[in-house]
Protein chains: 2
Amino acid sequence: MSGLAAALEIVGPRWALLIVELLLDAPLRYGDLQRELGLGTNQLATRLRELEAAGVLYRLPLKHNTRAYALTDRGRALRPAIEALARWSDLE
Amino acid sequence: MSGLAAALEIVGPRWALLIVELLLDAPLRYGDLQRELGLGTNQLATRLRELEAAGVLYRLPLKHNTRAYALTDRGRALRPAIEALARWSDLE
DNA sequence: GGTAGATACTTCCAAAATGAAAGTGCCACG
DNA sequence: CGTGGCACTTTCATTTTGGAAGTATCTACC
């Protein structure tokens with residue numbers, strides 16, 4: 001399998017890269033992500049579970065039943081790819 | 001809509017970026033793409049139609065009922081993004 | 001001239017992913 | 001003890017993806 005295909009197995013599903021993009025700035029809570037992205041809560045839960053399993057992000061407990069989602073080193077390493085795609089869409 | 005979201009509207013669907021990756025080297029025919037990727041012929045037809053409509057690639061007639069698919073400038077501009085994703089998956 | 005093969009699809013249907021809405025469990029605060 | 005915020009789960013409809021088979025056109029061969 002090509003490197004690209006391997007990458008898409010992880011960040012290919014819908015919303016995955018958009019979640020990572022939001023977290024590049026700072027950790028966010030579940031509700032914040034949902035409001036920013038406007039996706040169904042079930043899908044957000046699924047994507048976060050998968051991205052955590054892939055080592056892209058991790059859960060950061062804040063208090064009682066509140067936690068934030070933050071990027072790992074591997075997650076932050078997606079910045080060049082995300083910026084390249086964003087720049088591509090700006091061409092014309 | 002963020003630049004990233006706009007890019008994913010075009011290259012987000014499954015197989016789309018993998019098709020572009022193959023065409024970065026040289027134009028290929030329909031059957032070549034299908035054999036290389038191993039996807040259903042109906043989906044290849046759909047993806048090619050969408051990528052053509054988005055100005056990423058174009059049909060290049062060869063002879064009678066044979067044609068090749070080649071990248072436009074806009075399609076070739078995806079190279080940095082594709083390489084960034086491929087490199088990311090190689091980390092560890 | 002008929003037939004077999006190559007090429008580029010389309011059509012049909014099942015399976016999986018995605019999306020919208022409502023419900024659950026937990027804790028803090030008044 | 002009730003109300004509200006937060007982080008989900010469950011359920012079900014819709015859309016996307018996937019596999020298999022069929023169609024149309026031209027070419028080359030017998």
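Proteins get letters first, then strands, A, B, ... in listed order; numbering begins at 1 in each.
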Could you walk me through whether A:Thr41 and A:Tyr30 pass the side-chain hydrogen bond (donor to acceptor under 3.5 Å, both in side chains) test, one step at a time? CA-CA 9 Å; A:Thr41 172; A:Tyr30 189 95; 2.6 Å; yes
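- Of all nucleotides listed (C:dT7, D:dT11, C:dC9), D:dT11 comes nearest to the side chain of A:Asn42.
- Heavy-atom distances to DNA chain C give each of B:His64 and A:His64 a nearest nucleotide, and the one nearer the 5′ end belongs to B:His64.
- Counting only heavy atoms from C-beta outward, the side chains of B:Trp15 and B:Leu44 never approach each other to under 4.5 Å.
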Go through it in stages, so that I can follow the logic: the residues are A:Arg74 and A:Ile10, the test is side chain to side chain contact (heavy atoms under 4.5 Å, CB included), and I'd like the CA-CA distance, side-chain angles, deciding distance and then a yes or no. CA-CA 12 Å; A:Arg74 186 162 170 72; A:Ile10 297 171; 4.0 Å; yes
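- Rounded to an integer number of Å, the gap from CD of B:Gln34 to P of C:dA8 is 10 Å.
- Contact between the side-chain N/O atoms of B:Arg49 and the OP1/OP2 oxygens of C:dA8 is not found at any separation under 4.0 Å.
- For the pair B:Leu48 CG and C:dT10 C1', the interatomic distance rounds to 14 Å; values are reported in whole Å.
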From CA spacing to verdict: side chain to side chain contact (heavy atoms under 4.5 Å, CB included), B:Leu85, A:Leu78: CA-CA 8 Å; B:Leu85 278 170; A:Leu78 277 166; 4.3 Å; yes
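- Of the residues in residues 7-18 of chain A, not one places a heavy atom less than 4.0 Å from an atom of DNA chain D.
- A donor-acceptor contact under 3.5 Å links the side chain of A:Asn65 to the base of C:dC26.
- Close to C:dA6, at under 4.0 Å from its OP1 or OP2, lies no side-chain N or O of B:Arg67.
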For a side chain to side chain contact (heavy atoms under 4.5 Å, CB included) check, start with the C-alpha distance between A:Leu33 and A:Leu48, then their side-chain angles and the critical distance, and finish with the verdict. CA-CA 10 Å; A:Leu33 285 167; A:Leu48 289 174; 4.1 Å; yes
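- Residue-level contact check: A:Thr41 touches the bases, meaning some heavy atom is under 4.0 Å from a base atom.
- Rounded to whole Å, the distance from CD on A:Glu50 to C1' on C:dA16 is 13 Å.
- In this entry the distance linking OH of A:Tyr30 with C1' of C:dC27 reads 18 Å, nearest Å.
- In this structure, A:Leu39 places its CG atom 9 Å from C1' of C:dG19, rounding to the nearest Å.
- Whole-Å rounding puts the A:Arg29 CZ to C:dC26 C1' distance at 16 Å.
- Residues B:Leu23 and B:Tyr69 have side chains in contact (heavy-atom distance under 4.5 Å, counting atoms from C-beta outward).
- One atom, CG of B:Leu62, and another, C1' of D:dT27, lie 15 Å apart when rounded to the nearest Å.
- When side chains are defined from C-beta on, B:Leu60 does not count as touching B:Arg67, because their heavy atoms never get closer than 4.5 Å.
- As rounded to whole Å, 14 Å separates atom C1' of D:dC6 from atom CZ of A:Arg59.
- Here A:Gln43 reaches the OP1 or OP2 of C:dG19: one of its side-chain N or O atoms lies under 4.0 Å away.
- For B:Arg47 and D:dT16, the shortest distance from a side-chain N or O to OP1 or OP2 is not below 4.0 Å.
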